[in-house]
Amino acid sequence: MEATAVKKYTYKDFVSDQEVRWCPGCDDYVILNSMQKALPEMGVEKENVVFVSGIGCSSRFPYYMNTYGVHSIHGRAPGIATGVKLANPDLSVWIITGDGDATAIGGNHFIHVLRRNINLNIVLFNNEIYGLTKGQFSPTSVVGQKTKSSPYGNTQPPFSPGELALGANARFYARIGGNNPKAMTQIFIEAHRFKGTSLIEVLQNCVIFNDGCFTDVTDKEVKDDKQIYLEHGKPMIFGKNAEKGLVLRGLKLEVVTIGENGITEKDILVHDAKEKDPTLHQMLIRLAYPIATGIVRAFDDVTLEEREDELTKKIKAGSKYKKTDDLFFSGETYEVK
Amino acid sequence: MSIESIKPAPKELEGVVIRFVGDSGDGMQLTGTQFTDTSAMFGNDVSTFPNYPAEIRAPQGSLYGVSGFQVHIGSVEVSTPGDSVDLLVAMNPAGLKTNLYALKKGHTVIVDKDAFTKKNLEKAFYETNPLEDGSLDGYHVIEVDMSTLTKEALKDVDGLDNKTITRSKNMFSLGMVYWMYHRSTEHTIDFFNKKFKSKPELIEANTKVLNAGYYYAETLELISNSYTISPAKMVPGTYRIIMGNTATAWGLLAASEKSGLELFLGSYPITPATDILHELVKHKHFGVKAFQAEDEIAGICSAIGASFAGDLAITTTSGPGLALKGEALGLAMMIELPLVVINVQRGGPSTGLPTKTEQSDLLQAMYGRNGESPVVVIAASTPADCFNYAYEAARLALEHMTPVILLTDGYIANGSAPWKIQSVADMPEIKNRKVTKFTENWHPYKRDAKTLAREWAVPGTSGFEHRVGGLEKDSVTGNVSYVPENHETMTHTRAEKIRLVQNNIPNLKVEFAQQGDLLVVGWGGTYGTLHSAVKQITEEEGFNNIGFVHFNYINPMPKNTEEIFAKFKKIIVCELNSGQFAFILKANFGKFDFQQINKVQGLPFSNDELIQKFKQLL
């Protein structure tokens, strides 16, 4: 692509002419607005942005973005996005998915897109429920949860999208509350800048079928005490008065209070998102108190398209085949007169 | 082509069918391929079919570990690998046991006598040695101590281990067959020189054994006659022997170059389609992007994504894989993107007979999706024309903005035949529908009046930012619409769009009688067997009232289909399933009576069974 200055966009440039049809009060509005605010900051031309979604409430997202978009089929957005990106690596490609779409029906594609490390971004709207089909439990619903398909309580234990992702060798993982547009906007920008597959899990409230599923950690009154917002290179401190921190005791992360028992800020772990070894990142993802938000992991690695591109260039340079004729008429041919 | 009847002439033959069989490790594929290439270069028409064991490394000497290669060479047109065999080369008892049924009575079988040990006989479940118990009476048996003679030929070559010596005995048999059919060893010796460039001892060993076999046959009194097969009358040009799957891959390469679009393949390994993936991954020098996905669904989905982004996108599979791809194929149809789906059919249902051939995915290709979701369906008919139909699938997909399913099958995909090499310069134009300059009131579902194909606006093109998806679209704006009348309009539009492809495909041509009593109808990979049966009954048995028409375009069918059916009193539809094409014909051309010949054994038709049935109808 030519190195020309990117047009100056505003939020409105990314708003499509379609009426947004999510339920009033849904966190999806927050995610949509945050994305529309983040895009002008990314320095990417509107025509070079593609949103690909699967099926579910979240997957209506592409219709509301004034960019290229595909609203595809259930769970398959990673496959389609992979094809888009491999066909044209200059595009900024975004997968929009939910907990059912990504971790149930599309679980296989989800782990493999992360494994390959293609330079694209995944926004996973996790509301721990199926919304569009009107309220069945999902792979992230908790045991005992009463839903339309588990009237006596869910008996299937959940898994955590973050743990699953790191198990699949994800290089970038961030988590953010669905009611935190400011941080979310910043994370979207960082995800765009990160070279490789970025996964952003949004803890998204479903006002109809799972209302309050994250309120104990995301509500304004409790969020500073219940969440730790991780930033690379900064100490892992949280709390209303920044009085609490994380230390490593044996194989466990432990919450300590600065100033008590001789603990000073120097004793607190410093967040290294860029570390290759995911052990500590996994521990942070698993932590129940406080819930880790922000960019947990951002390990810089070679992307699939870089590997492909390098190989293609090398083979092209060393090959005697420039046109198909060179191939078709090569080797064992013979003349009939 | 001469129309003389075959008169038994011991030295001049029109055609001969040879089958090489042995253990998996005996190198039968190489032996067969070498004989094929040499014969093709001599000017014969050829057709081959390999038969590998399904097991990866079957136990040595076992019945299910037998590997075979059949080649049919001719001085006249050859259109099938042949039914029964004129010469059988059996390198071990298991090979003899599993293949003797195919040898014509009174014809020759060459065996490696050294391999008929007690142990090998037991493994082949022979209670007595067939070379001694009279069970081969009625055949011309040539027993050769091939292993011993091979060792003897190599006694002065240094640096060979026992394994290498044993493994070169296949060249002894090849040398014998070369002498029998007056073929030169030159091509094969050239092959050794190239293949073993860095291992001169192997060049020497293989050449010695090949020559030893050749001279052995020459001096052997057991072979009383040698046969010649004159060059066939073929269209002049440059040829090569090509396998169906390779031809398919190359047709796609040609379409990519002609259209100026980069080629993207999204695929998942499945027998017998995987060789297309194997071939295309080699061609990074043409910029081919071949992506091995995590499953069949991701294979087609990545191709849909690549198509959305502007590549010539392909996915390859076989029956069970097409079932998995069904939902995504519906999406591609709904968002009207160009996409080539190749189904190398195998025996079904379910896992079925992976290594056998069948034509039983036709109805799946036609209707195997939810809702009313028509796509173009075409079928290749020979190993060599897989090239043309792969190219054609790409052309139709791009010009009509639609998925196209190309059906081939295990028989033509693994078979090989001469291909008159086609330069991309001589291939038909491919126009794609990409748009670059934005105009007001553009909508993604704006259609060409003649074809109803929409335009292709790819990401990166300014002004055309738009959204597509699997939900029903408004017929004008392309926005999501649940309006009942609109859904009906769009359903009809999608069907009509496929019907209009009729204007962009050639008419059917009838072979042999142009009108008369019986029309033989076939489609896809049965062309060779049907053609040779109708040819034989016409040219050798004097019937002049049988016509033959073969369909490569199935949805839509060519415009003159009905006109052709009307010229014959009876119509017989022949296919390797229980009557799927006949079902479609009955639905579309109800005024005709379609009779059927069907076979569902995982095997191609045989010439004799076809001729017998045609005669019953006359």
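Protein chains get the first letters and strands the later ones, always in sequence-line order, with residue 1 at the start of each.
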Shortest non-hydrogen separation from [X] to [Y] and the atoms involved:
| X | Y | result |
| --- | --- | --- |
| B:Tyr239 | A:Val336 | CD1-CG2, 3.5 Å |
| A:Thr312 | B:Gly287 | CG2-CA, 4.5 Å |
| B:Val458 | A:Tyr68 | O-OH, 3.1 Å |
| B:Ser423 | A:Asp325 | OG-OD2, 2.8 Å |
| A:Ser72 | B:Leu331 | CB-CD2, 3.8 Å |
| A:Tyr334 | B:Met41 | CB-CG, 3.6 Å |

| query | For B:Ile335 and A:His71, what are the C-alpha separation, side-chain angles and deciding distance, and is it a side-chain contact (heavy atoms from CB on, under 4.5 Å)? | reply | CA-CA 10 Å; B:Ile335 61 182; A:His71 175 212; over 6 Å; no

| said: Would A:Phe329 and B:Thr238 count as a side-chain contact (heavy atoms from CB on, under 4.5 Å) here? Give the steps. | reply: CA-CA 8 Å; A:Phe329 289 93; B:Thr238 309; 4.0 Å; yes

| Side chain, backbone, both or neither: which part of B:Pro231 has a heavy atom under 4.5 Å from chain A? |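 When you check distances to chain A, no heavy atom of B:Pro231 falls under 4.5 Å.
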
| query | Can you say whether B:Ala303 sits under 4.5 Å from chain A via the side chain, the backbone, both, or neither, judging by heavy atoms? | reply |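 No part of it gets close to chain A.
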
| If you round to the nearest 0.5 Å, how far is NE2 of B:His285 from CG of A:Leu327? |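 Rounded to the nearest 0.5 Å, the CG-NE2 separation comes out at 6.0 Å.
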
| message | Given 3.5 Å as the limit, does a donor-acceptor pair link the side chain of B:Arg467 with the main chain of A:Met65, or not? | response |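 The answer is yes, because a donor-acceptor pair under 3.5 Å joins these two groups.
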
| field | Any donor-acceptor N/O pair, B:Glu294 side chain to A:His112 backbone, under 3.5 Å | value |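 No.
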
| message | Can you confirm whether the side chains of A:Glu332 and B:His187 place a donor and an acceptor under 3.5 Å from each other? | response |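 Side-chain D/A pair, A:Glu332 to B:His187: present.
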
| said: Let's go through A:Asp13 and B:Glu465 carefully: what are the C-alpha distance in whole Å and the side-chain angles of both, what is the deciding distance for side-chain contact (heavy atoms from CB on, under 4.5 Å) to 0.1 Å, and is it a yes or a no? | reply: CA-CA 11 Å; A:Asp13 288 310; B:Glu465 293 84 9; over 6 Å; no

